[in-house]
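Starting from 1, each residue takes its place in the sequence as its number.
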Amino acid sequence: MATIQFFGGVGVIGSSKIVIEQDGWRVLLDFGLEFNPGGGLYRQGIVPRLSHALSDRLRTGDAPWLSHVYDPDLAKGVDELRVGNDHKTAVFITHAHLDHIGLTGYIDPHIPIWASPDTIEIMRAAREAGEAFEGHWPSLRSLEAEKPLNFGPFTVTRYDVDHDIIGASGYSVATNSGLVAFTGDIRLHGRHPEKSLGFAHKIEGCKALVIEGTTLSFGFKDPIRTEYEVDQDFSKILKNTPGLVLLTVYPRNLERIQAFIKIAQAHHRDILWSGPTAAFLQAMGLDVRAFSEELLPDVKKNPEHYVLQLIPSDWPLMLDLPLGPGSVFVHANGAPLGTFDPLWPVLQDWLRYVHTAFWSIGTGGHASPDGLRELLEIIHPKVVFPLHSQEPDRLWPPPGTKRWLPERGRIYDLDSI
């Protein structure tokens, strides 16, 4: 008998943590932190205590109370939980966003953590660029796409899918109770819809499907834009803006960044990146320039030759820049992440102060409700668990598929489905 449990992503966006168990063996799919800008106990500079970080995460509900998962060296203050590797647990990561990998640094280093080669490369580059990682560096192992891996009674297969980060994966887990599949974060409106559709066809007819439902949370009133439309809008803005262009974009959305670099070059502009972003992109092998004070005189003299990427800590720099009616701030899914982000009104205040226009041109990494329906109609599982959503009840499966709204920690018997 195989079972499935959910320890994250239940009624919230992010924090995916799924446990599939059979005969004492376990497969964990993702091990992320909850995505909750401006919320939770750890905000406004409040962070877990360095010497009690795992204990603090456990006691505040950010990490699940799972035995034989965590590193004994990091388990100070959690004597009531059995820690250390039991040699019957493996972890599989879908992609390198913190809401899917943020707790992996607490996992016992003897427990294998499998991921795509690109996911491992992004995590390595982020570390090399100085990005903080809770716990220790996880024990990552590369897993090629569509090459089944046998682990105890399970056969786990990774598939490439499309998301707003390279290396995104979906998984299938063959159990004695049938095939269980997890989409991870997935979309059909990106640069590689064939990956997501190919995954859907590969797991067609599975016993249980865990599907992300991020966009169900936002009312889905507007049509989803494609990455190519984002590129076109960026090109139009550069063509029609006589002065300096400011930019915010996800640093890990490498395909968009590479496209923007080419578009900027076509308009005879050079993108200058914030220090942390430049360090990450350089660690990923991109030839980019970081902004520095030495470049400020030329930016002031020739603003039409530049695009300047800003992170929130850089915003006071606007006071020194040649901004005004001839300049524009382009929001392409970087920080602040949206109107729900506490920093959103702060950015708008800054732009009003420096008299600079604002354009939002991004598109998300998550399938639209129509895209979710299309995937479900292809896969047609016996039961679907909508996860990674504030409103999972908005997901309506096709006839013949049952919808179960997951409850945190509840054990679901896959034989009873």
Side-chain angles (χ1 to χ4, degrees), residues 4-21 26-86 89-115 119 122-123 126-127 130-140 182 184-185 212 252 337 341-342 387-390 406-411:
I4 186 169
Q5 288 179 277
F6 304 91
F7 291 95
V10 178
V12 297
I13 294 172
S15 77
S16 301
K17 292 177 281 290
I18 303 164
V19 178
I20 301 171
E21 187 166 1
R26 294 180 302 180
V27 163
L28 275 62
L29 300 173
D30 281 346
F31 215 59
L33 280 168
E34 184 175 330
F35 173 69
N36 187 17
L41 294 173
Y42 301 115
R43 67 183 191 274
Q44 300 298 327
I46 306 301
V47 297
R49 295 169 293 174
L50 184 61
S51 62
H52 291 74
L54 175 57
S55 173
D56 288 355
R57 288 290 188 195
L58 287 165
R59 296 184 186 281
T60 55
D62 290 339
W65 286 80
L66 292 173
S67 62
H68 297 301
V69 170
Y70 298 109
D71 184 352
D73 292 338
L74 302 176
K76 183 177 181 179
V78 288
D79 297 337
E80 62 270 42
L81 181 64
R82 289 173 293 172
V83 296
N85 185 19
D86 63 356
T89 300
V91 180
F92 296 83
I93 298 300
T94 58
H95 62 283
H97 282 153
L98 285 178
D99 58 329
H100 295 259
I101 64 170
L103 294 173
T104 55
Y106 295 120
I107 293 175
D108 186 287
H110 299 99
I111 293 176
I113 302 176
W114 299 91
T119 293
I122 287 176
M123 293 175 69
R127 181 193 188 199
E131 187 170 317
F133 202 90
E134 291 192 24
H136 56 66
W137 179 244
S139 300
L140 301 170
F182 177 40
D185 288 355
E212 70 119 318
R252 298 190 186 187
L337 300 176
D341 192 322
L387 201 69
H388 201 287
S389 177
Q390 295 172 347
E407 299 175 29
R408 187 183 180 97
R410 177 179 171 181
I411 298 175

**Q** Look up atom CD1 in Ile101 and atom CD1 in Ile122, then write down how far apart they are to the nearest 0.5 Å.
**A** 9.0 Å
**Q** Please round to the nearest 0.5 Å and tell me the distance separating atom NZ of Lys17 and atom CG of Asp99.
**A** 9.0 Å
**Q** Test Leu28 against Thr89 for side-chain contact (heavy atoms from CB on, under 4.5 Å), laying out the working first.
**A** CA-CA 7 Å; Leu28 275 62; Thr89 300; 3.8 Å; yes
**Q** Tell me, do Ile93 and Trp114 make a side-chain contact under 4.5 Å, heavy atoms counted?
**A** no
**Q** Pick from Phe7, Phe92, Phe182: which one makes a side-chain contact (heavy atoms from CB on, under 4.5 Å) with Asp30?
**A** Phe182
**Q** Got a sec, which residues hit side-chain hydrogen bond (donor to acceptor under 3.5 Å, both in side chains) with Thr119, two or more places apart in sequence or on another chain?
**A** Ser116
**Q** Within this structure, what is the CZ-NE2 distance for the pair Arg252 and His97, rounded to the nearest 0.5 Å?
**A** 6.5 Å
**Q** Please answer whether the main-chain N or O of Pro109 pairs with a side-chain N or O of Ser139 as donor and acceptor at a distance below 3.5 Å.
**A** yes
**Q** Tell me whether Asn85 contacts the main-chain N or O of Asp108 through its side chain, where contact means a donor paired with an acceptor under 3.5 Å.
**A** no
**Q** Under the ring-ring contact (aromatic ring centres under 6.0 Å, His included) rule, collect the residues that match up with Trp137, sequence neighbours excluded.
**A** Phe133
**Q** Before giving the answer on side-chain contact (heavy atoms from CB on, under 4.5 Å), spell out for Arg57 and Leu33 the whole-Å C-alpha distance, their side-chain angles and the decisive distance to 0.1 Å.
**A** CA-CA 10 Å; Arg57 288 290 188 195; Leu33 280 168; 3.6 Å; yes
**Q** Heavy atoms, side chains only, cut-off 4.5 Å: are Val27 and Val19 in contact?
**A** no
**Q** Are any of the side-chain heavy atoms of Glu407 and Phe6 separated by less than 4.5 Å?
**A** no
**Q** If you define the side chain from C-beta out and look only at heavy atoms, does anything of Asp71 sit under 4.5 Å from His136?
**A** yes
**Q** Measure the CD-OG distance between Glu212 and Ser16 for me, rounded to the nearest 0.5 Å.
**A** 8.5 Å
**Q** Using the rule given for side-chain contact (heavy atoms from CB on, under 4.5 Å), can you reason through Arg26 versus Ile20, listing the C-alpha separation, both sets of side-chain angles and the distance that settles it, and then say yes or no?
**A** CA-CA 6 Å; Arg26 294 180 302 180; Ile20 301 171; over 6 Å; no
**Q** Would you say Val69 and Phe31 make side-chain contact, with heavy atoms under 4.5 Å?
**A** yes
**Q** Anything under 3.5 Å between a donor and an acceptor, one on a side chain of residues 73-83, the other on a protein residue two or more places apart or in another chain? List them.
**A**
| residue | atom | partner | partner atom | Å |
| --- | --- | --- | --- | --- |
| Glu80 | OE2 | Arg59 | NH2 | 3.2 |

**Q** Would you compute the distance between atom CG of Leu103 and atom CG of Asp62 and round it to the nearest 0.5 angstrom?
**A** 7.5 Å
**Q** Aromatic rings His95 and His100: how do their planes relate, parallel, tilted or perpendicular, breaks at 30° and 60°?
**A** tilted
**Q** Of all heavy-atom pairs between Met123 and Ala96, which one has the smallest distance, and what is that distance?
**A** CG-CB, 3.9 Å
**Q** If you round to the nearest 0.5 Å, how far is OG of Ser389 from CD1 of Ile13?
**A** 6.5 Å
**Q** Considering non-hydrogen atoms only, spot the tightest contact between Ala53 and Pro48 and give its length.
**A** CA-CB, 3.9 Å
